[in-house]
Amino acid sequence: MAARGHVQDPNDRRLRPIYDYLDNGNNKMAIQQADKLLKKHKDLHCAKVLKAIGLQRTGKQDEAFTLAQEVATLEPTDDNSLQALTILYREMHRPELVTKLYEAAVKKVPLSEEYHSHLFMAYARVGEYKKMQQAISAQDEKLAQTMYLPLAERMVEKMVREEKIEAEAEVQLYFMILERLGKCVEALDVIRGPLGEKLTSELQSRENKCMMLYQRLQRWPECNSLAHKLLLKNPDDWQFYPCYFDSLFHLMDDSWTPPEEGEHCVEGSVHYTVAEVVRFVEERIKGEDSKESRPLRGPYLARLELIHRLREKGCPEESQLGEPLELMLQFFGKFGDKPCCITDLKLYLHLLSPDQHIQFINRLGEAVPLGEGGEEGFAFPEDTKALQRHLCVCQLSRALGLHHALDTDGKLRLITELKAHYHHGLQFGKTSLKTELQFSDMYCLMAAHVYIDLWKENGDENMVLQCLGLLQEGLSHSPSNAQFKLLLLLLYCHLGAFEPVVDLYSSLDAKHVQHDTIGYLLTRYAESLGQFAAASQSCNFSLRFFHSNQKDTSEYIIQAYKYGAFEKIPEFIALRSRLNQSLHFAQVRTERMLLDLFLEADIVLSLEESVKAMGLSPEEDDIPWDSIRDNRDLTVFTSWDPKDRHLTEEHRRLSLEEESVWLRIRSLTLRLLASLALLGHTPSQQNSEMANENGVGDKSSILSSLLSQLDQTLQTAAQIAEKHTQYPFLGPPSTRLAPALSSGSCQCQVAALQLSVHLQELETLGLEILNKCKGDLLEMKDSRLKTWPSLLEIHVFFVETVCIVFWMASYCAKVLRPLKASLQKKKKKKKDTNTALVQFILFSFTGSLQELLAQALEHIKGQETGMTALKLASFTLEGHTQEEGSFIKAAMDKVQSSYLRSLQEVGDLLKKRAETLKNLKI
């Protein structure tokens, strides 16, 4: 609570018991104690606020807010009340009210340094940077110097002249000011001068800043000289090799020559010819070769990088460095037993010509020490170093496309070999902890990738089931292997089995920003596969992170100001902006609200109440379309595929375009439902003119505008769907856009929302979607299993469409009720046929809808019965050991169980809708 021990006030003793009750979580006693105190001291504002805190914590938010506002309108200036109100507003997630609180306090006590400080921090919390500047400029000089330094260049210069800058943080801040003002020359003078000597907290901080400024100023001689000086100190510091090579080619392009007298530049001598750079790299390698200790990788990789760059530039000097094949063999000989060898060499495989690929792999294989051949005819490594070398050869073979070039039999033999190496390698990790990976795990993962190749090429689902079994076996030996979990997660989703995915994702233990970067793997499939409870939970995972980020980053910024870590403030602001503009954030927010409507609207609460509870406003679009950011990590899966199978920038662009259009469709659907709910409040005839003046006409125009936007978006969506873009298997997943259009779901929903379309067309479209649901999700033919996960997605589209059509029918009923009442009043002796016609139209439509739901429920019941009766035991498992067979069988059982769960959840929701439909009357 507030730092009450420092407040020397008579009321402190009276308030202490309330503070203690709140600190101990006894909120009811705190409220009672506050009431007693207020009876004696009615003007004790802090007691009122402490009571409000107690009310807030007992769930009485409205009472708490009313009480707090009573005190806030009095504009208190005592420290106790201000701090208590600050705590209350934070708990209410209303930081903007804290700014108003301290704005009033500063006006009344303009000389209070503490209140100015609190106001500054309050502005920082809500991101009001201009007001932060105004707040500080109104304060005395001392506070300005200690708290408001960004963009205060003149003041810092004055401090420099008076030699008052002492701390490293102040130098960092001065550098930031100059850098953001674009004064790179002045910033360079600061770093190279005596102030730069204070930058000691980070290794090579001074040199890194100089290098950055030289590159910005395009001072290539200084850049070159500094890079080669730093590489002399540490030949393994890779960040300076690219700077060194870049500067060389810039100098060559500029035809730079050194001056006739004196130093080449302020940093020293410059290497401005290819010959000098080649000599420098060769000297670093000779130095490593002559060492008795293990050599460093940097110089050897630098030689390959230089060959790559010289080849790009068409320079003949590349031949001076040697033949790439021989150099890579040499690199493998020195570093092949390190896991990083594959990632190093993979970058330079393009230096080999296609006819060298097999020769390269064969010569690498000769350099791998293997024991005598075993019973299966395979020779195995005798220690972990030899295992790592053999594994690296296999990985390089795949990266060169040799695995993909094999026929089906060749790939099956390769899988057998990889599995044999995997099982043999397990002996080296018998004593490993559960949190450690097995040395041979990558053999298992590579075999899984070959299984996926066979599945995608031949459509044989036997391959993917064996792949699932192998990965489950791998996970039993390495429970912490994230790559096994991620690939299992992806495969189950592709098979339409979401039930096992939830536990797999939870076991990944995603932290902080990972909910944004890999959360799409979970949220993309949950709802579309009919697992509504899991979908709701998945969205909550992500939303909890995004909402806490808005609060947490504000606190990080505050702490950075307090402790002088000024260089971190732009990073925190950038992080907050990145997450607020996240595509994934907008997706889960929209999908969660739609899901809540589909599951609860007109079942738990009415559509109007549900929309009101969500705070939905159809005229407001809170998605930042112009600045939306794709933060997905699309390279989270380990892959050794050749370059022609890599994820390209074009794939990324098309994926983002597709995701954005699908998000726009879902967002417009949500806003249209909110608009429909608001229109549902139909005014009576005598008040219709007044209602029209108060905005009912506007609501109709909003609905028309949204329908027009949805129609345009669907046209764009159709163009995207026609492209049939195929992404790499380990790349971004396709959206629900194509199946939403091909199933007729979007068309039926639009027809429902437009109201002007004839009801008969709705019935026809609804039957079309239901017919596309027909077929078995899981079937056994000739002892082979076949899955149809796309049917699950169409089932979910059918449910969503039924919900929207029902809400439209409900709206029609509300519009027709006053018309029926009016006609009944006018009815005289003869029967009015209009009344009967109105009733007949709605009864006819709802009757058709009930019949459609009955057909759907019967179909789902038949699916459940058929799947329960399906005997997976008849699935052939020939050619597998008993242990392998048990893992494959477990994976099949999970798929079957997940399908049953999805059908059950879809059926339950349809039953609830059918029950609600029976009660729909005029």
Side-chain angles (χ1 to χ4, degrees), residues 150-151 153 156-157 160 171-197 199 202-235 237-281 284 298-299 301-318 347 567 570-571 574 649:
L151 304 181
E153 184 190 8
V156 182
E157 285 178 347
V160 172
V171 180
Q172 289 274 19
L173 182 59
Y174 190 20
F175 175 78
M176 284 172 61
I177 294 167
L178 294 171
E179 184 189 12
R180 278 157 181 73
L181 288 172
K183 298 187 175 183
C184 295
V185 176
E186 291 83 348
L188 190 60
D189 291 339
V190 170
I191 298 302
R192 289 179 55 83
L195 289 176
E197 295 173 6
L199 301 174
E202 293 180 20
L203 191 65
Q204 290 185 332
S205 173
R206 197 177 184 186
E207 290 83 355
N208 287 334
K209 284 181 169 56
C210 280
M211 184 66 77
M212 179 190 71
L213 291 170
Y214 285 145
Q215 287 175 317
R216 283 194 186 177
L217 292 167
Q218 298 186 358
R219 291 188 178 180
W220 305 119
E222 286 83 353
C223 188
N224 180 283
S225 181
L226 179 59
H228 99 252
K229 276 198 301 186
L230 293 169
L231 289 170
L232 283 172
K233 288 183 184 178
N234 182 5
D237 196 339
W238 183 257
Q239 65 175 321
F240 296 118
Y241 280 111
C243 299
Y244 183 49
F245 297 148
D246 286 341
S247 61
L248 164 69
F249 293 115
H250 280 296
L251 290 170
M252 289 170 62
D253 291 341
D254 296 342
S255 303
W256 184 87
T257 54
E260 294 179 3
E261 296 180 3
E263 290 284 359
H264 289 183
C265 67
V266 293
E267 292 289 353
S269 61
V270 177
H271 294 169
Y272 60 98
T273 64
V274 173
E276 287 177 297
V277 172
V278 168
R279 186 166 60 250
F280 176 79
V281 172
R284 302 288 72 70
L301 283 174
R303 178 166 58 186
L304 291 170
E305 176 67 17
L306 185 56
I307 291 174
H308 160 65
R309 294 195 178 215
L310 289 170
R311 187 173 290 186
E312 270 191 335
K313 290 280 184 180
C315 298
E317 290 91 345
E318 73 159 284
L347 296 170
E567 74 280 3
E571 294 177 23
E649 286 303 316

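FYI, side chains are in, hydrogens and waters are out, and symmetry mates aren't considered; it's all heavy atoms of this structure.
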Contact summary for V171 and L195, nearest pair of heavy atoms: CG1-O, 3.6 Å
Using the side chain to side chain contact (heavy atoms under 4.5 Å, CB included) rule, take L248 and Y272 through it: C-alpha gap first, then chi angles, then the decisive distance, then the call. CA-CA 6 Å; L248 164 69; Y272 60 98; 5.6 Å; no
Gap between atom CG of L226 and atom CG of L231 - 0.5 Å precision: 9.5 Å
Side-chain ion pair, E179 and R216, N-O less than 4.0 Å: yes
Are the side chain of S225 and the backbone of V270 linked by a donor-acceptor contact shorter than 3.5 Å? no
Could you walk me through whether E312 and H308 pass the side chain to side chain contact (heavy atoms under 4.5 Å, CB included) check? CA-CA 6 Å; E312 270 191 335; H308 160 65; 3.6 Å; yes
Is there a donor-acceptor pair under 3.5 Å between the side chain of S205 and the backbone N or O of L199? no
Distance, nearest 0.5 Å, that separates CG of L188 from CE of M212: 9.5 Å
Mind telling me whether W220 and H250 have parallel, tilted or perpendicular rings, with 30° and 60° as the class edges? parallel
Hey, does Q172 have a side-chain heavy atom less than 4.5 Å from the side chain of K209? yes
When rounded to the nearest 0.5 angstrom, what distance separates OG in S247 from NE2 in H228? 10.5 Å
Tell me, with the steps shown, if K313 and D253 meet side chain to side chain contact (heavy atoms under 4.5 Å, CB included). CA-CA 11 Å; K313 290 280 184 180; D253 291 341; 3.9 Å; yes
Locate the shortest heavy-atom distance separating H264 from G268; write the atom from each residue and the value. CB-O, 3.4 Å
Please examine the side chains of V281 and F245, heavy atoms only from C-beta on, and report whether any two atoms are closer than 4.5 Å. yes
Roughly how far, to the nearest 0.5 Å, is CZ of F280 from CG of L232? 4.5 Å
Could you tell me whether a side-chain N or O of Y214 sits under 3.5 Å from a main-chain N or O of P221, the two making a donor and an acceptor? no
Does the pair N224 and E267 meet the rule for a side chain to side chain contact (heavy atoms under 4.5 Å, CB included), with working shown? CA-CA 9 Å; N224 180 283; E267 292 289 353; over 6 Å; no
Do D237 and Q204 have side chains that approach each other closer than 4.5 Å (heavy atoms only, starting at C-beta)? yes
When rounded to the nearest 0.5 angstrom, what distance separates CG in L213 from CZ in F175? 4.5 Å
Nearest 0.5 Å, what's the CZ-CG distance between F240 and N234? 9.0 Å
For C223 and M211, work out which heavy atoms get closest and say how close. SG-SD, 3.4 Å
Has the side chain of R206 got a donor or acceptor atom that lies under 3.5 Å from a matching backbone atom of R192? yes
Taking E305's backbone N and O only, do any of them form a donor-acceptor pair with R309's side chain (distance below 3.5 Å, no angle check)? no
